[in-house]
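Notes for the one structure printed next.
Bear in mind the structure is a predicted one, so any value in this text is a computation, not a measurement. Residue indices begin at 1 and follow the sequence shown.
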Amino acid sequence: GVAESTTYHLFKDKSTLLWAIVEHVVGGPDDTEDGARLLDAIRAEPDAPSRLRLIARWSRGTYERGIADIEAVIGEAARSDPRVRALAQRAADERYRVTRMLADVVAEVLPPVGFEDLDRIAQIIWATDSSPVYRMLVHDLGWTPERYEEWVFQLYCSLMPQPAARTGR
């Protein structure tokens, strides 16, 4: 119900409009107030599984608010629009930055973990807890968002470093 001229008065092009939608939908660690609340809630949890549970719930929430659909629109538009292609790369980079930051927050309650290990964990999470995977499992295969959240939580837990086993003699 909004005139195209009004839209382009507010947003100079397709890529700035799409980025505004992404920021509104995600509303996570980049949104100062919501991001601060999320990080405070995660840090209030005493152990890694509790922190991972909250992160999985937040991830599911972003997909339920439509980020997977928006990222599909961005991917389609990126094929023919260089500005949107740059936006898609920016969104991917930002999603990795947030994923890495959340891995760091979980690592605060783990035994010391090397930078390379945390980076590998963040890379696997970035690749698997993603819009295409969510769309395949929930939209195409009929998983519930709750089932997706539980799978993501189990995935996160499986990636966390385990304390070294003690051997006694």
Between [X] and [Y], which heavy-atom pair has the shortest distance, and what is it?
X: Leu110; Y: Ala48; answer: CD2-CB, 3.7 Å
X: Ser131; Y: Ile67; answer: OG-O, 4.0 Å
X: Arg120; Y: Leu159; answer: NH2-O, 4.2 Å
X: Ala20; Y: Phe11; answer: CB-CE2, 3.5 Å
X: Ala56; Y: Val152; answer: CB-CG1, 4.0 Å
X: Val105; Y: Arg51; answer: O-NH1, 2.6 Å

Atom pair [atom1] ([X]) and [atom2] ([Y]), whose distance is rounded to the nearest 0.5 Å:
X: Arg95; Y: Ser130; atom1: CZ; atom2: OG; value: 5.5 Å
X: Leu17; Y: Asp13; atom1: CG; atom2: CG; value: 9.0 Å
X: Leu87; Y: Ile74; atom1: CG; atom2: CD1; value: 4.5 Å
X: Ile21; Y: Glu71; atom1: CD1; atom2: CD; value: 12.5 Å
X: Leu18; Y: Arg90; atom1: CG; atom2: CZ; value: 11.5 Å
X: Thr99; Y: Ile121; atom1: OG1; atom2: CD1; value: 12.5 Å

**Prompt:** Under the side-chain contact (heavy atoms from CB on, under 4.5 Å) criterion, do Glu45 and Val109 qualify, and how do the steps go?
**Reply:** CA-CA 9 Å; Glu45 295 297 331; Val109 293; over 6 Å; no

Within-4.5 Å side-chain heavy-atom neighbours: [X] and [Y]:
X: Glu149; Y: Arg53; value: yes
X: Lys14; Y: Arg83; value: no
X: Leu39; Y: Met101; value: yes

**Request:** Could you walk me through whether Arg57 and Glu150 pass salt bridge (Lys or Arg N to Asp or Glu O under 4.0 Å), step by step?
**Result:** CA-CA 9 Å; Arg57 189 166 299 131; Glu150 182 60 28; over 6 Å; no

**Asked** Under a 4.0 Å N-O cut-off, is there an ion pair linking Arg60 with Glu64?
**Response**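 Salt bridge between Arg60 and Glu64, a charged N being under 4.0 Å from a carboxylate O: yes.
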
**Prompt:** Do Ile42 and Tyr96 belong together in a cluster built from hydrophobic side chains that touch within less than 4.5 Å?
**Reply:**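 Per the 4.5 Å side-chain linkage, Ile42 and Tyr96 are not co-clustered.
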
**Request:** Look only at the side chain of Ser59 and the backbone of Ile55, and say whether a donor-acceptor pair between them is shorter than 3.5 Å.
**Result:**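 Not confirmed, Ser59 side chain does not pair with Ile55 backbone.
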
**Prompt:** So, Trp126 side chain and Ala92 main chain: donor-acceptor pair closer than 3.5 Å or not?
**Reply:**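 At least one qualifying donor-acceptor pair exists.
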
**Among Tyr134, Trp151, Tyr156, side-chain hydrogen bond (donor to acceptor under 3.5 Å, both in side chains) partner for Asp129** =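 Testing each of Tyr134, Trp151, Tyr156 against Asp129, the sole residue satisfying side-chain hydrogen bond (donor to acceptor under 3.5 Å, both in side chains) is Tyr156.
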
**Item:** side-chain contact (heavy atoms from CB on, under 4.5 Å) assessment of Arg135 paired with Asp69
**Value:** CA-CA 8 Å; Arg135 290 180 64 79; Asp69 296 328; 2.4 Å; yes

**Request:** Give me the one residue out of Asp104, Val98, Val106 that meets side-chain contact (heavy atoms from CB on, under 4.5 Å) with Leu102.
**Result:**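 Exactly one pass, corresponding to Val98.
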
